[in-house]
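Let me begin by presenting the structure, written as structure tokens, before commenting on it.
Each chain gets a letter, A, B and so on, in the order the sequences are listed, and its residues count up from 1.
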Amino acid sequence: LFVNSALLTMYGKCSSLEDAQCMFDGLSQRDVVSWTAMLAAYVELGQEDKALQLYRQMQNEGVTPSDITLACILRACSSAGILKLCRQIHDSLVSTSYTLSPLLANTLIHAYGRCGSMVDARSVFDTMPQPSVVSWTALIAGYAREGNSQASLQCYEEMQLACTRPNAVTFLSLLSACSHAGLVSNGVQYFESMTRDHGITPGIEHYGSLVDLLGRAGYFTTLQNLMLTMPMPPD
RNA sequence: GAACACGA
């Protein structure tokens, strides 16, 4: 039922895998949503192997996965770095539908990025008619993760040319890209631009990134000044 | 009713 799936989700978010598992096993009626809710709980709590196992079981019982189910599986692949399964799912999606849903395209970009294949991530991105801020951010984050900070910054330029508005997460990814490469002035510019040009109030995470950037690059006096203007003490 | 990008 509807209520059961909602409850499963709650257990997942409250980190009680046991309860979720127990409840799922006790369900008399299971539909795609219940299966997916259980999968999502496993993925959320870092049990990728369990998630994949459940996925096989689901297939064996003849339940057809929805886009959301596949997104959960891709998330499991990305955490576990299973590039092969990403490709497999991707291929089967391409062969059955002409265009990927934005959700799946975004998830694939993310998954390929986490599995270290930015070439694949980029090719998925390039098929999107209307990349959203999530798509762009996933791409930027993927390049940053790979250590290709220049590509991250370049993506950001492209994104602006495409008139897509960055959000708080986009800036976190950019700051992390700058941090890896020691691009202090770029990072500081992004930080300032975030509020000035986009009206985004920096959160504690943004300050954290900036501190990281300055610290790694040895800008200790700038860092001290920053601490004085921060709304919250460090963590 | 399940689901996407940052997360030390």
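Between A:Tyr143 atom OH and B:C6 atom C1' the separation is 17 Å, expressed in whole Å. In this structure, CE of A:Met128 is placed 11 Å from C1' of B:A5, rounded to the nearest angstrom. Put simply, CE on A:Met23 is 11 Å from C1' on B:G1, counting in whole angstrom units. The nearest whole Å value for the distance from the CZ atom in A:Phe24 to the C1' atom in B:G1 is 15 Å. Here B:G1 presents its P atom at 19 Å from OH of A:Tyr11, a figure rounded to the nearest Å. In this structure, CD1 of A:Ile73 is placed 13 Å from P of B:C4, rounded to the nearest angstrom. Atom P of nucleotide B:A5 and atom CG of A:Leu139 are separated by 14 Å, given to the nearest angstrom. In this structure, CG of A:Leu8 is placed 9 Å from C1' of B:A2, rounded to the nearest angstrom.
The base of B:A3 has none of its N or O atoms less than 3.5 Å from a complementary donor or acceptor on the side chain of A:Ser66. With hydrogens and angles left out, the side chain of A:Asp31 and the base of B:G1 share a donor-acceptor pair within 3.5 Å.
Near RNA chain B, meaning a heavy atom under 4.0 Å away, the residues from residues 85-110 of chain A are A:Leu103, A:Asn106, A:Thr107, A:His110. For the segment residues 157-188 of chain A, the set of residues with a heavy atom within less than 4.0 Å of an atom of RNA chain B comprises A:Asn167, A:Val169, A:Leu172, A:Ser173, in numerical order. At a non-hydrogen distance threshold of 4.0 Å, nothing from residues 190-203 of chain A comes into contact with RNA chain B.
Closest of all the heavy-atom pairs between A:Ala51 and A:Leu39 is O-CD2, 3.0 Å. A pairwise comparison of heavy atoms in A:Pro202 and A:Met194 identifies CB-CE, 3.5 Å as the closest pair.
Between the side chains of A:Ser123 and A:Asp120, no donor N or O sits under 3.5 Å from an acceptor N or O. A donor and an acceptor atom, one from each side chain of A:Asp31 and A:Ser34, are located under 3.5 Å apart. Using modelled atom types, one finds a donor on one side chain and an acceptor on the other under 3.5 Å when comparing A:Asp25 with A:Gln21. Side chains of A:Ser176 and A:Ser173: no donor on one and acceptor on the other come within 3.5 Å.
Between A:Arg75 and B:C4 there is a side-chain N or O to OP1 or OP2 distance below 4.0 Å. Between B:A2 and A:Lys13, no contact under 4.0 Å exists linking OP1 or OP2 to a side-chain N or O.
Here the straight-line distance linking atom CG of A:Asn106 with atom OG of A:Ser135 works out to 3.5 Å at 0.5 Å rounding. Put simply, CG on A:Leu183 and CD on A:Gln189 are 10.5 Å apart, with the number rounded to the nearest 0.5 Å.
Identified under the salt bridge (Lys or Arg N to Asp or Glu O under 4.0 Å) test for residues 157-180 of chain A, with sequence neighbours left out: A:Arg122-A:Glu158.
You'll find that the side chain of A:Ala6 is closest to B:G1, out of B:A5, B:G1, B:A3.
Under the 3.5 Å distance criterion, the side-chain polar atoms of A:His206 are matched with a main-chain donor or acceptor of A:Gly203.
The side-chain contact (heavy atoms from CB on, under 4.5 Å) test applied to A:Gln88 returns A:Leu85, not counting sequence neighbours. By the salt bridge (charged side-chain N to carboxylate O under 4.0 Å, His left out) test, A:Glu44 is found to be paired with A:Arg75, residues two or more places apart in sequence or in another chain being considered.
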